[in-house]
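In this text the structure is predicted, and so the values were computed from the model without any measurement. Chain A is the first sequence line, chain B the second, and so forth, proteins listed ahead of strands; every chain is numbered from 1.
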2 protein chains.
Amino acid sequence: MNAPDILEDAERHCSKTGVRLTPLRRRVLELVARANAPVKAYDLLSQIDRANASAKPPTVYRALDFLIDAGLVHRVEALNAFVACPQAGHGHAAVLYICEACTKVTEVQGARPGQEHKPRSFTVKRSVIEHYGRCANCQ
Amino acid sequence: MNAPDILEDAERHCSKTGVRLTPLRRRVLELVARANAPVKAYDLLSQIDRANASAKPPTVYRALDFLIDAGLVHRVEALNAFVACPQAGHGHAAVLYICEACTKVTEVQGARPGQEHKPRSFTVKRSVIEHYGRCANCQ
DNA sequence: TTCCGGATGTGATAACATAACAAAATGCAA
DNA sequence: TTGCATTTTGTTATGTTATCACATCCGGAA
Ligand SMILES: [Zn+2]
Ligand SMILES: [Zn+2]
Ligand SMILES: [Zn+2]
Ligand SMILES: [Zn+2]
């Protein structure tokens, strides 16, 4: 999914859910979406900083927290990085396939993996599922 | 699994595979195993430091890297923490269930979740699978 | 003994993230 | 419109996590 579509989708989603996609947050989302790869918080910061010298770490981390809560961005835990979600607000059940050669990330939704072997009476609130390897183009 | 059993298991595993479980590495593994919970690198460092004032961050990170490569310890990505593996050298397919109330971690092996929705021709090298929620005792 | 490679020691710094408080912007009701 | 509460952003500082680069040590092979 490309950046303009993600932005448009995000606008719709935020209108519907009543959360405020401010210019700063929109800018951060746009940078994440354009990256087309997992992007680091401090890389975002230096990009924002070119237009807005007042940008500091909390600026970008707060925006990212908002975007994650809103379901517009996912955190890639094992990379300390962030990707735009191709389907705004689908919930937190994303499964990520991350190519270590070209950095491309493919997101799969709706799967509820691992539940088969779940310990008895364990209640899952949130899952982190990241598969690292090689995509079709990088075999 | 308790700490002495994990240590004994680790000795066996290292003998068999020919890797060197040095005193420092054994000490770090022992600290991780005793913790019975995800433990932070700098917490390990301060514990080591009580006996060995020369311990510095690379000391503990190198030991942890070794233990992870040897399959004796897993990194909990979303916590920046480490847990002892209850079954030395089973491979890297661990699925972790992490209770956010009592920090207890249950490891399930052998599951290959998420593969059903895998993008065509994606070759998975390593998976990070962490489920956060409440264990049976903490409902 | 000498050399070599793996392991550890050491100091510095990079990379990632949050706390705490101030100021500004926004929305709303009187 | 004015005042007030709430949210958002600015700002300074610091906390936390991780790695680099180079030195030293130590055990085994030649
Ligand atoms: Zn998503
Ligand atoms: Zn690729
Ligand atoms: Zn394991
Ligand atoms: Zn629990």
Side-chain angles (χ1 to χ4, degrees), chain A residues 10-11 14-15 17-32 35 37-70 72-83 103 128 130, chain B residues 10-11 14-15 17-32 35 37-70 72-83 103 128 130:
Chain A
E11 299 282 0
C14 290
S15 301
T17 58
V19 300
R20 298 175 49 183
L21 188 63
T22 63
L24 178 60
R25 291 163 174 171
R26 185 182 297 109
R27 173 90 175 111
V28 171
L29 176 59
E30 189 177 357
L31 291 171
V32 176
V39 56
K40 303 281 199 167
Y42 276 71
D43 290 345
L44 293 170
L45 179 55
S46 60
Q47 293 183 261
I48 297 169
D49 198 32
R50 289 205 260 284
N52 174 4
S54 75
K56 300 282 179 303
T59 309
V60 65
Y61 281 106
R62 286 194 287 228
L64 287 168
D65 285 348
F66 169 87
L67 295 168
I68 290 167
D69 288 349
L72 302 173
V73 161
H74 298 295
R75 182 179 160 85
V76 186
E77 295 290 349
L79 299 180
N80 295 332
F82 304 84
V83 291
T103 76
V128 174
E130 300 170 3
Chain B
E11 300 282 0
C14 290
S15 301
T17 58
V19 299
R20 298 176 49 183
L21 189 62
T22 64
L24 177 60
R25 291 163 174 174
R26 185 181 297 108
R27 173 89 175 111
V28 171
L29 176 58
E30 190 178 356
L31 291 172
V32 176
V39 56
K40 301 281 199 166
Y42 276 73
D43 290 345
L44 293 170
L45 180 56
S46 59
Q47 293 184 260
I48 298 168
D49 198 32
R50 288 205 261 284
N52 173 4
S54 75
K56 300 280 179 303
T59 309
V60 65
Y61 280 106
R62 286 193 287 227
L64 287 168
D65 285 348
F66 168 86
L67 295 168
I68 290 167
D69 287 349
L72 302 173
V73 161
H74 298 295
R75 181 179 160 83
V76 186
E77 294 291 350
L79 298 180
N80 295 332
F82 304 86
V83 291
T103 75
V128 174
E130 301 170 4

Do [X] and [Y] come within less than 4.5 Å of each other through their side chains, counting heavy atoms only?
X       : Y       : value
A/Ile68 : A/Arg75 : yes
A/Phe82 : A/Leu67 : no
B/Phe66 : B/Thr22 : no
B/Lys40 : B/Asn80 : yes
B/Leu29 : B/Arg25 : no

**Prompt:** Got a donor-acceptor pair under 3.5 Å from the side chain of A/Tyr42 to the base of C/dA17?
**Reply:**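 Per atom types, the contact qualifies.
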
To check you understand the geometry: which heavy-atom pair defines the closest contact between [X] and [Y], and what is its length?
X       : Y       : answer
A/Leu21 : A/Cys14 : CB-SG, 3.9 Å
A/Ala55 : A/Asp49 : O-OD1, 3.9 Å
A/Val28 : A/Leu44 : CG1-CD1, 4.3 Å

Distance in angstrom units between [X] [atom1] and [N] [atom2], rounded:
X       : N      : atom1 : atom2 : answer
A/Asp49 : D/dG10 : CG    : C1'   : 13 Å
A/Leu21 : D/dT8  : CG    : P     : 11 Å
A/Leu44 : C/dA15 : CG    : P     : 15 Å
B/Asp65 : D/dT17 : CG    : C1'   : 13 Å
A/Leu64 : D/dT9  : CG    : C1'   : 15 Å

**Message:** Taking Watson-Crick (N1-N3 plus N6-O4 or O6-N4) and G-U wobble (N1-O2, O6-N3), each under 3.5 Å, can you produce the dot-bracket string of DNA chain C? Use [ ] for crossing pairs and | for inter-strand ones.
**Reply:** ||||||||||||||||||||||||||||||

Tell me every residue that passes side chain to side chain donor-acceptor pair (under 3.5 Å) with [X], counting only those two or more places apart in sequence or in another chain.
X       : value
A/Ser54 : A/Asn52
B/Asp65 : none
A/Gln47 : none

**Asked** Reading nucleotides 5-12 of chain C 5' to 3', which nucleotides get B (base under 4.0 Å from a protein heavy atom), which S (sugar-phosphate only), which -?
**Response** --SBBBB-

**Prompt:** Between A/Lys40 and C/dC16, is there a side-chain N or O to OP1/OP2 distance below 4.0 Å?
**Reply:**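 Checking C/dC16 against A/Lys40, a side-chain N or O does come within under 4.0 Å of OP1 or OP2.
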
**Message:** So, OP1 or OP2 of C/dA17: does either fall under 4.0 Å of a side-chain N or O from A/Tyr61?
**Reply:**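 Affirmative; the distance criterion is met.
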
**Message:** Expected output is a numbered-order residue list: members of residues 75-83 of chain B with a heavy atom under 4.0 Å from any atom of DNA chain D. What is it?
**Reply:**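 Per residue number, the list reads B/Arg75, B/Asn80.
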
